[in-house]
Amino acid sequence: MKMTSTRTRLFAMIVVCTALLQSCLKDTATRTYTMYTPVYKSVAEVRSDIKIDASTPVINPGKIFVLGKYIFLNEVDKGVHVIDNTNPASPVNKYFIAIPGNLDLAVKGNILYADLYRDLVTIDISDPADVRVKKIIENVFPRRQYLNGFWADSTRIIVDWIKKDTTVRADQNNFVFDSRSMFSFNSTQGAMASAAVTRGISGSMARFTLLNNYLYTVTNSNLNVFNISQPENPVFTNTVPVGWEIETIYPFKNNLFIGSQTGMFIYNTDNPSTPTKVSVFSHLRVCDPVIADDDFAYVTLRSGTRCQGFQNQLDIVAIQNLQAPTLIKSYPLTNPHGLSKDGNTLFICDGDAGLKVFDAAKATGLKLLKTIGGITAYDVITQNNIAMVVATDGLYQYDYSNLANITLKSKISYK
Amino acid sequence: MVLKFLPFLLLLAGQAQSQKTGSAIKFSSISHLGLLTGNGGEAMMAQTINGVNKGKWFAGIGAGLDFYKDRTIPLFVDVRRELLTQANTPFVYGDLGVNFSWLNFIQKEQKGFPTSSPGAYYDVGLGWKLKGKNNRGFLLSGGYSFKQVKEKVRRTWGAPTIQMQEENFERFNYLYRRVVIKMGLQL
């Protein structure tokens, strides 16, 4: 009798508790995302902000350019770090040239060419204590636009973005979309300076490049041509429509190799002010930095959020006949970005998989010599047996004079 | 899927139990199969808990498979106490631990292939134990269960520059609250 009573009470307790818990049975979810609010300045303010400062820590690096003993490293949307690399084992971050909105650069002698949002700015850097803006060519990168319906105030320039994390309920489908927080796109890189001055080298991710007396830049769809026979006074000469989703430009001999998300374009510069299309090597929609030598073009294809696609590989394309580039062989990779070749040695930044070093003596039989792991490599420049690697956490320099024993010479860590 | 695991778990538990009987502190194993219900629907769950029994108390470490909304694996500490000394007795229990996400491919695809990190897990309730020999028994219980799933997904929208886009993530924090009804064996 007593047991029956206990059971009844327990059963009643369970029923009551369950009823009370009904209000607590709601699944909930929150979604946290980052909203970006633009910070504007007037055009005059922005131009007056171009100046050289003492070195500042590298925080968010972008493109890299090497000229002589100096490394020029872009700080995304902020300017250019000037690093004295006289001793690769101990590089010195010497100056910072503040150029708001800067993403790409090239240097010829003492003249720095850089994008300043929509404009091309020419800066004399011969005296680090007194850099001078020599010329500004306005609105030559008009495709620096923002997506998803956002339009910047055209009378002013966005110099920064304020990031703010925002949390919303995700279980009620109240998806908040801020039309102010979109996505911008710009263009430019590359380099190979005039024979008359010190030769500079750009990374393979570049959108600016120097070839003889011309500066070539690519936007999302066009190839822009600037005559720099008078380096301090570049003249905007021509715009050549190329296609869409243009990403990189690389010079070799008299040709320009232009990487896009759908293929590699080869342009001839026998008439340097009006490059003419020679051929196209098409591939599926992915991102594709490209470099070239006498016989082959090396194209890294990578997938990803922005790049779309599913391919992650190196394509080696025969270009002995520039009119008919032919795929020789593809090599699978993890998430390849920039690349560089020195003699028969090919360096590929393979994203999270690190820096890969190949013996590329035979295009049909690449041999992996070494994988330098532990870094997420983005771009690489090779010079004088030193591989300068832009990674997510620092600028690394490796000595590869002995390929059997590639050693880390130095690292400039980002803040 | 769950039923495939159950005989194996019971066998393991039984083998361990057979090694130690009659002492004050005894190894004991509990295997549960259960139903979870909340406003996200109904789902199955399975658990195995291994620990020690002393008198009316039991404490052990458990692991489970939880199919409520997102497939997850809770790892937890279980403490329970029988309320009576009779052969058939009510008991209370509490589990506290961490919840690991183990999404299937469809779930991953639907969510944009997120990266997950462990969340919280707890389960408290009341039950009834029908005792057999050596404190073995059949268990029936009902309770309230909570699991958390934390995920991070890369997003293309929202970042004003390509560079920012590379580091643009959305973070999700899912809190699932359910009634749980379990039956099982204690060996």
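In this structure, no portion of Phe146(B) lies under 4.5 Å from any heavy atom of chain A. Looking at Lys69(B), the atoms closer than 4.5 Å to chain A (heavy atoms on both sides) all sit in the side chain, from C-beta outward.
Nearest heavy-atom pair across Lys26(A) and Arg177(B) is O-NH1, 2.9 Å.
Applying the side-chain hydrogen bond (donor to acceptor under 3.5 Å, both in side chains) criterion to Ser141(B), with sequence neighbours excluded, gives no partner residue. Every side-chain hydrogen bond (donor to acceptor under 3.5 Å, both in side chains) that Gln186(B) has, sequence neighbours left out, goes to Ser28(B), Lys129(B).
Within a 6.0 Å radius of CD1 in Ile61(B), no more than 12 heavy atoms belonging to other residues, nucleotides or ligands are found. Heavy-atom neighbours of Asp393(A) CG from other residues, nucleotides or ligands within 6.0 Å: above the threshold of 12. Lys56(B) NZ: more than 12 foreign heavy atoms inside a 6.0 Å radius.
A donor-acceptor contact closer than 3.5 angstrom is absent between the side chains of Arg171(B) and Thr167(A).
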Where do Tyr68(B) and Asp27(A) land on the side-chain contact (heavy atoms from CB on, under 4.5 Å) test, with the steps shown first?
CA-CA 11 Å; Tyr68(B) 186 84; Asp27(A) 296 332; 2.6 Å; yes
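With rounding to the nearest 0.5 angstrom, the OG1 atom of Thr32(A) is 11.5 Å from the NZ atom of Lys150(B).
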